[in-house]
Amino acid sequence: MPSRLASLQLAYASLRFPRVPRARMPAEVASPPSSRLAVLWSQWTPPVNVLAKVAIPVHSLAAWTTLEGHPLLAAGDEHGGIEIIDPVDGSAVGERITAHEGVVRCLLSATRPGQGPVLVSGSADGAVRAWDPVHGTLIDQIHQPAGIWIDDLSAYRGAEDELAVLAVNGCAEVVRWNERMGAQDLLALPGETPRTSKVALTTFEDEAGRRRLAIADGTSLTFMDPEDCRHTAAAFDLPSPVRALTTTTRAGQIAAGHADGTVTLWGIAGKTATLDTAAGPVTSLAALTVGSRHLLAACSANDIALWSTEQTAPAALLSGHSAPVTALTRVTLKGSDALASASLDNTLRVWDPKALQKALGAGSPAPPRVTNGALARDDHTSPPWFALSGSHPSIDVWDVAGGTVVTSVPTGAPPAAVAWAQRTQGRTLLWADPDHRIHMWDAGTKTHLPDPLEGHIMRVRALAPLTTTNGRHLLLSGSDDYTAKLWDLDTSSLLCDWSGHFLRVLAVAAASNHHGQDWYATAGADGTVRLWNLEDGALRQPLRCMQGRIHAIGINASPASGMPPHLASAGQDGTIRLWNLLEHCPLNEPLTGHTGAVRAVTLWTLEALGSFLASASDDGTIRIWNTLTGRCLLLIATGSPVQTLSAHPSPSPTRIVLAFAGEAGAATLELELSEHQRKTP
């Protein structure tokens with residue numbers, strides 16, 4: 001109940017009082033009775049269009065409307081299954097179909113005259129199968145399992161109004177199927193086999209009303225008659241290798257999505273337009289109509305670019321997925337077109353006509369995402385500040401308590417990592433740029449400092465500042481170049497260059513305690529944590545965490561009585577492990593409960609209560625743990641993945657200020673961790 005109350009309070013304050021500081025909120029919102037959480041301010045707007053959360057990543061989608069007029073959505077997953085989902089409420093319809101032994105790479109739906117819908121699936125196992133989606137039964141096997149994958153599917157109505165299905169595999173071999181004649185080999189395009197690039201196909205009617213088959217093979221586009229493929233009607237060169245092919249809502253027009261992020265429009269006479277440009281390779285396309293506008297949606301990286309086919313620039317950018325988008329399809333809701341999307345973040349989303357109209361009316365780019373955040377530790381002379389950066393070339397510095405932007409620091413390009421540090425001259429903001437340099441900005445004079453820190457040769461992913469017990473101001477950095485470097489911030493000099501990781505360094509941590517012990521730790525994609533010191537470099541053998549990639553680490557160098565200095569490692573498998581820094585061994589069992597990769601951790605000690613840890617995951621939750629007992633004290637549902645967490649002392653000895661940020665924005669909370677609350681399950 002305390003977790004539900006805290007989560008609802010965060011949601012209510014975020015939706016009803018965005019950017020309103022606690023002091024100006026109604027009393028029942030600012031300090032609700034019995035709640036362990038107080039929202040200091042929030043600009044956190046998680047997506048509201050998540051249709052369903054799935055256990056297995058989805059790679060293909062198809063939609064249709066039943067004879068009774070109810071829409072349905074099919075999702076083909078990574079383990080060869082197909083789920084039928086109601087696109088209105090997200091509920092599962094019937095049992096999951098165990099369809100294939102490989103990834104379901106493509107799906108299509110069509111209607112058999114007088115017999116209802118048919119669902120066709122193509123898989124990495126080489127099979128193409130036709131299903132009755134109402135009963136989940138197999139109608140026919142169009143293509144036998146083979147050693148080559150299925151690349152694409154298309155369907156059309158033949159001369160006698162019978163349903164025909166076309167399938168192409170990774171060797172550019174096309175098979176045609178109908179219920180009367182079964183499967184027939186249609187043609188095989190010349191070229192090396194198997195293909196190293198995508199082969200895609202679609203069928204459409206040209207402007208004269210003739211049925212055409214379009215096949216895109218790498219950088220070649222060919223038009224022919226699907227009933228007689230002996231003659232080529234037209235052939236053209238594509239500007240970039242094809243990744244997706246679809247018909248549009250305009251007669252005689254098809255669209256091709258390319259590896260360079262562009263989309264080109266074609267007719268039988270040739271190319272009619274180039275739509276520029278998506279953020280990366282176009283992996284799926286869908287055509288739909290909103291009002292009187294003919295639209296084309298292209299998924300590229302985490303976003304969906306939405307074009308009007310009359311324009312060359314995207315009309316809108318649909319953001320919300322926190323991982324690459326894998327599939328798109330048009331779905332009909334209440335007689336209007338909507339867009340369904342699937343992503344590797346294991347969510348299915350539906351962009352209804354209202355959301356699409358709103359996005360189109362906004363005229364473009366979505367608000368900048370927040371991907372990095374850093375909380376300035378209280379030095380008793382300056383107010384606590386929260387630095388946030390994302391897809392924009394600047395860092396916004398927020399007042400932790402008031403929720404206002406104190407200043408905006410231009411960075412020239414979106415920073416790759418952000419941190420606050422102390423130097424002899426005062427508080428300093430640090431960030432890494434795309435050129436692998438680390439820049440500094442003096443908070444006192446509000447000026448950029450000359451002479452950035454240079455030495456890494458690839459992207460810098462993590463920064464960890466440290467003021468040692470003897471007063472030195474240092475910075476630990478980790479990079480995609482497999483190295484970590486230790487810098488003296490007062491002299492801008494490189495002290496240590498540590499190598500030993502076999503893959504990218506994804507996280508770093510540094511801490512010092514009153515015994516004069518300094519700790520430097522690095523973690524990475526190789527699944528290990530390494531400990532270092534100034535004199536000897538690497539300490540002992542690396543900690544083999546057995547958690548997959550390690551996305552975040554944190555150190556508590558001054559824990560409560562009964563605990564040694566310890567490190568927390570956050571893994572791809574959703575666990576957090578605690579490590580004894582004196583003995584280089586695990587502390588207790590892994591902390592479990594998250595259902596997605598853990599992206600951020602922060603640790604602290606309250607002298608009156610003990611030592612604690614907060615963790616944030618792709619599952620859209622933050623968990624607060626007692627590190628001595630390993631118990632989860634509070635779960636806060638955020639509704640969207642959190643990328644960064646920071647803890648800051650509160651004036652109360654039983655509370656902590658927690659700041660977090662992610663693609664949905666940022667917020668700061670005050671948590672009550674008093675003794676009588678710690679027994680809450």
(message) Is there a side-chain contact between Ile576 and His594 in this structure, where contact means two heavy atoms from C-beta onward sitting under 4.5 Å apart?
(response) yes
(request) Before accepting this row, confirm whether a basic side-chain N of the pair Glu227/Arg176 lies closer than 4.0 Å to the acidic partner's carboxylate O. (result) yes
(request) Can you establish whether the number of heavy atoms outside Glu101 located under 6.0 Å from its atom CD is more than 12? (result) no
(message) Donor-acceptor check, side chain of His59 to backbone of Val103, threshold 3.5 angstrom: yes or no?
(response) no
(request) Compare all side-chain heavy atoms of Trp131 with those of Val118 and state whether any distance is below 4.5 angstrom. (result) no
(message) Salt bridge check, Arg459 against Asp480: does any charged N sit closer than 4.0 Å to a carboxylate O?
(response) no
(message) Any side-chain to backbone donor/acceptor pair from His551 onto Ala570? Under 3.5 Å, distance only.
(response) no
(request) Would you mind checking if Asp352 and Lys354 are paired as a salt bridge, meaning a charged N to carboxylate O distance below 4.0 Å? (result) no
(message) Do Leu339 and Leu318 make a side-chain contact, defined as non-hydrogen atoms from C-beta onward lying under 4.5 Å apart?
(response) yes
(message) On a heavy-atom basis, which atom in Asp337 and which in Pro353 lie closest, and how many Å separate them?
(response) O-CG, 3.3 Å
(message) Any heavy-atom pair between the side chains of Leu306 and Leu356 that's under 4.5 Å?
(response) yes
(message) Please determine whether a side-chain nitrogen of the Lys or Arg among Arg599 and Asp618 lies less than 4.0 Å from a carboxylate oxygen of the Asp or Glu.
(response) yes
(request) Locate the shortest heavy-atom distance separating Pro71 from Val88; write the atom from each residue and the value. (result) CG-CG2, 4.2 Å
(request) Measure the shortest side-chain to side-chain distance between Arg211 and Thr203 over non-hydrogen atoms and say whether it is less than 4.5 angstrom. (result) yes
(message) Checking side-chain polar atoms at under 3.5 Å, does His100 have a donor or acceptor matched by the opposite partner on Ser121?
(response) yes
(message) Closer than 4.0 angstrom, basic N to acidic O: yes or no for Arg105 and Asp151?
(response) yes
(message) Using side-chain heavy atoms (C-beta onward) and a distance below 4.5 Å, is Val120 in contact with Val128?
(response) yes
(message) Strictly distance-based, threshold 3.5 Å: is any side-chain N or O of Ser7 a donor or acceptor partner for the main-chain N or O of Ala637?
(response) yes
(request) Output yes when a side-chain donor or acceptor of Ser300 lies under 3.5 Å from a complementary backbone atom of Gly280, and no otherwise. (result) yes
(request) Say whether, by atom type as modelled, one donor and one acceptor occur between the side chain of Thr232 and the main chain of Ala234 under 3.5 angstrom. (result) no
(message) Is it the case that the side chains of Thr274 and Thr262 hold a donor-acceptor pair, with the cut-off being a distance below 3.5 Å and no angle test?
(response) no
(message) For Thr347 and Arg349, which I'm curious about, is there any donor-acceptor pair between the side chains at under 3.5 Å?
(response) yes
(message) Checking the side chain of Gln547 only, and the main-chain atoms of Ser569 only, is there a donor and an acceptor separated by less than 3.5 Å?
(response) yes
(request) Say whether, by atom type as modelled, one donor and one acceptor occur between the side chain of Thr222 and the main chain of Ala235 under 3.5 angstrom. (result) no
(message) Check the orientation of His321 and Trp351. Use parallel for under 30°, tilted for 30 to 60°, and perpendicular for over 60°.
(response) perpendicular
(request) Check for a donor-acceptor pair, side chain of Ser343 on one end and backbone N or O of Ala323 on the other, with a separation under 3.5 Å. (result) yes
(request) List the steps, then state whether salt bridge (Lys or Arg N to Asp or Glu O under 4.0 Å) holds for Arg112 with Glu179. (result) CA-CA 9 Å; Arg112 294 174 293 166; Glu179 286 190 280; 3.5 Å; yes
(message) Would you say that Asp86 contacts His70 through its side chain, given a criterion of any heavy-atom pair below 4.5 Å between the two side chains?
(response) yes
(request) Could you tell me whether Arg96 and Asp77 have a side-chain N and a carboxylate O separated by less than 4.0 Å? (result) yes
(message) Regarding Arg210 and Glu205, does a basic nitrogen lie under 4.0 Å from an acidic carboxylate oxygen?
(response) no
(request) Measure from the side-chain N and O atoms of Asp217 to the backbone N and O of Ser220, and report whether any donor-acceptor pair falls under 3.5 Å. (result) no
(request) Could you tell me which non-hydrogen atom of Leu285 sits nearest to which non-hydrogen atom of Ala256, and how far apart they are? (result) CD1-C, 3.9 Å
(request) Could you pull out the closest heavy-atom pair between Ser341 and Val325, with the gap in Å? (result) CB-CG1, 4.3 Å
(message) Which heavy atom of Gly571 sits nearest to which heavy atom of Ile550, and what is that distance?
(response) CA-CD1, 4.3 Å
(request) Take atom CZ of Arg180 as the centre, draw a 6.0 Å sphere, and report whether it contains more than 12 heavy atoms from other residues, nucleotides or ligands. (result) yes
(request) Ignoring hydrogens and angles, tell me if any N or O in the side chain of Thr249 forms a donor-acceptor pair with the backbone of Ala287 under 3.5 Å. (result) no
(request) Assess the side chains of Trp177 and Asp140: does a donor N or O sit below 3.5 Å from an acceptor N or O? (result) yes
(message) Looking at every non-hydrogen atom in both residues, tell me the closest pair between Ile553 and Val601 and how far apart they are.
(response) C-CG2, 3.7 Å
